[in-house]
Amino acid sequence: MIADDTTKLQAIRSRIAKAAEIADRRVTDVTLIAVSKTHPVEAIEPLLVEGQRVFGENRVQEASEKWPALREEYPDVELHLIGQLQSNKAAEAVALFDCIHAVDRPSLVTALGKAMAASDRRPDCFLQVNIGDEPQKGGCAIADLPALVEQARAAGLPIAGLMCLPPADVEPAPYFALLAKLARDHGLTGLSMGMSDDFETAVTIGATHVRIGSALFGARGVAA
Ligand SMILES: *Cc1c(COP(=O)(O)O)cnc(C)c1O
């Protein structure tokens with residue numbers, strides 16, 4: 001029997017490449033964010049050794065415990081905050097992360113603007129949209145997006161684009177398409193959308209950043 005020595009990372013990368021090709025997009029226009037939340041440093045290191053450099057965490061506290069040491073060894077790591085951010089942690093997030101994906105309300109825009117003005121760091125920001133209008137989800141309401149974009153621009157935030165988490169257990173494509181349309185309407189190019197179960201669909205619809213956890217690292221514990 002021939003051993004299958006393709007790593008999970010290689011398999012995901014080739015699936016992204018195939019989806020990009022189907023949509024006549026360049027694979028270099030899609031950034032794979034390896035979502036390492038809940039996973040220990042020992043699980044992250046093999047991916048670093050394989051060459052993966054872009055990682056996502058959903059908590060400031062957990063990231064600040066895991067990443068400073070890893071970054072000494074791999075200074076070119078790019079760290080993305082993909083989870084909700086409390087305004088009182090904005091300064092810490094600006095210091096630690098290169099990109100912040102869940103900017104979803106005026107108070108957070110204000111806090112991030114102040115934190116950036118007070119430091120020499122200006123991480124890229126994605127504005128999160130509650131694309132399925134779900135009460136329990138983060139993200140600004142679609143109706144509130146124009147005001148949030150305007151406020152974020154006025155506050156000097158570097159806006160990379162829009163981010164969403166579509167409703168679970170339904171076909172995500174219409175939601176991805178809606179996010180892409182909203183981004184176009186606002187002249188924004190980045191689209192942070194697509195996770196382990198739907199990233200190929202997201203790539204065919206224009207995702208520039210896919211956030212992939214369990215397909216790379218295996219299932220998370222219940223706390224995730
Ligand atoms: C955990 C998480 C992901 C990754 O989810 P998987 O299904 O494990 O790929 C992506 N985006 C956000 C915002 C997350 O919290």
Side-chain angles (χ1 to χ4, degrees), residues 8-37 52-58 78 80-84 98-104 123-149 152-153 157-217:
K8 281 182 177 155
L9 180 61
Q10 287 168 338
I12 297 285
R13 281 184 180 156
S14 77
R15 287 169 62 188
I16 290 171
K18 200 163 273 177
E21 192 189 330
I22 287 169
D24 199 18
R25 300 185 57 209
R26 282 179 305 205
V27 69
T28 48
D29 290 341
V30 184
T31 298
L32 165 60
I33 304 170
V35 177
S36 50
K37 66 186 186 195
Q52 176 68 23
R53 285 296 179 273
V54 185
F55 289 84
E57 291 281 345
N58 69 337
E78 196 181 298
H80 292 234
L81 178 64
I82 60 167
Q84 297 300 308
D98 303 295
C99 183
I100 297 175
H101 286 244
V103 181
D104 65 353
D124 279 338
C125 294
F126 283 89
L127 304 182
Q128 184 182 358
V129 181
N130 187 347
I131 202 75
D133 193 21
E134 298 173 282
Q136 80 283 11
K137 279 241 173 99
C140 81
I142 290 173
D144 297 336
L145 183 62
L148 195 69
V149 171
R153 284 186 170 137
L157 265 53
I159 311 173
L162 302 181
M163 177 268 206
C164 77
L165 279 134
D169 304 322
V170 295
E171 168 59 47
Y175 297 98
F176 293 152
L178 178 55
L179 194 75
K181 180 197 178 294
L182 292 170
R184 273 198 307 277
D185 288 349
H186 290 285
L188 299 169
T189 50
L191 286 170
S192 170
M193 58 188 196
M195 314 191 344
S196 290
D197 290 337
D198 56 19
F199 67 89
E200 287 148 308
T201 302
V203 168
T204 61
I205 297 171
T208 59
H209 293 71
V210 291
R211 312 177 307 263
I212 300 182
S214 45
L216 275 174
F217 290 98

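The two residues A202 and M193 have their closest heavy-atom pair at CB-O, 3.3 Å. Closest of all the heavy-atom pairs between V203 and A23 is O-CB, 4.5 Å. The two residues D198 and P172 come nearest to each other via the heavy atoms CB-CG, 3.8 Å. When all heavy atoms are compared, the tightest approach of S196 to I212 is OG-CG2, 3.6 Å.
L157 has its side chain out of reach of I100: every pair of non-hydrogen atoms, C-beta onward, lies at least 4.5 Å apart. In this structure, the side chains of D124 and P158 come closer than 4.5 Å at one or more pairs of heavy atoms. A 4.5 Å side-chain heavy-atom check between I33 and H101 finds at least one atom pair inside the cut-off.
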* Output, in order, the C-alpha distance, side-chain angles, deciding distance and verdict of ring pair (Phe, Tyr, Trp, His ring centres under 6.0 Å) for F126 and H80. => CA-CA 10 Å; F126 283 89; H80 292 234; 7.5 Å; no
* Steps toward side chain to side chain contact (heavy atoms under 4.5 Å, CB included) verdict (L165, R211) -> CA-CA 10 Å; L165 279 134; R211 312 177 307 263; 3.8 Å; yes
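To the nearest 0.5 Å, the span separating CG on N130 from CD1 on I142 amounts to 8.0 Å. The line from CG of L81 to SG of C125 is 10.0 Å long, rounded to the nearest 0.5 Å. Taken to the nearest 0.5 Å, the CG atom of D104 stands 7.5 Å off from the CG atom of L148. How far CG of L162 is from NE2 of H186: 7.0 Å, rounded to the nearest 0.5 Å. Here CG of L127 is found 12.0 Å from CG of D144. Values are rounded to the nearest 0.5 Å.
The neighbour count for D197 CG, taken as heavy atoms of other residues, nucleotides or ligands under 6.0 Å away, does not exceed 12.
A donor-acceptor pair under 3.5 Å is absent between the side-chain atoms of S192 and the main chain of M163, judged by distance alone. The backbone N or O of P166 sits less than 3.5 Å from a side-chain atom of K137, completing a donor-acceptor pair. Between the side chain of T208 and the main chain of D29, no donor-acceptor pair closer than 3.5 Å is present.
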Expected list for residues 8-22: side-chain donor-acceptor pairs under 3.5 angstrom, two or more places apart:
residue, atom, partner, partner atom, Å
Q10, OE1, T7, N, 2.9
R13, NH2, Q52, OE1, 3.3
S14, OG, A11, O, 3.2
R15, NE, E200, OE2, 3.1
R15, NH2, E200, OE1, 2.9

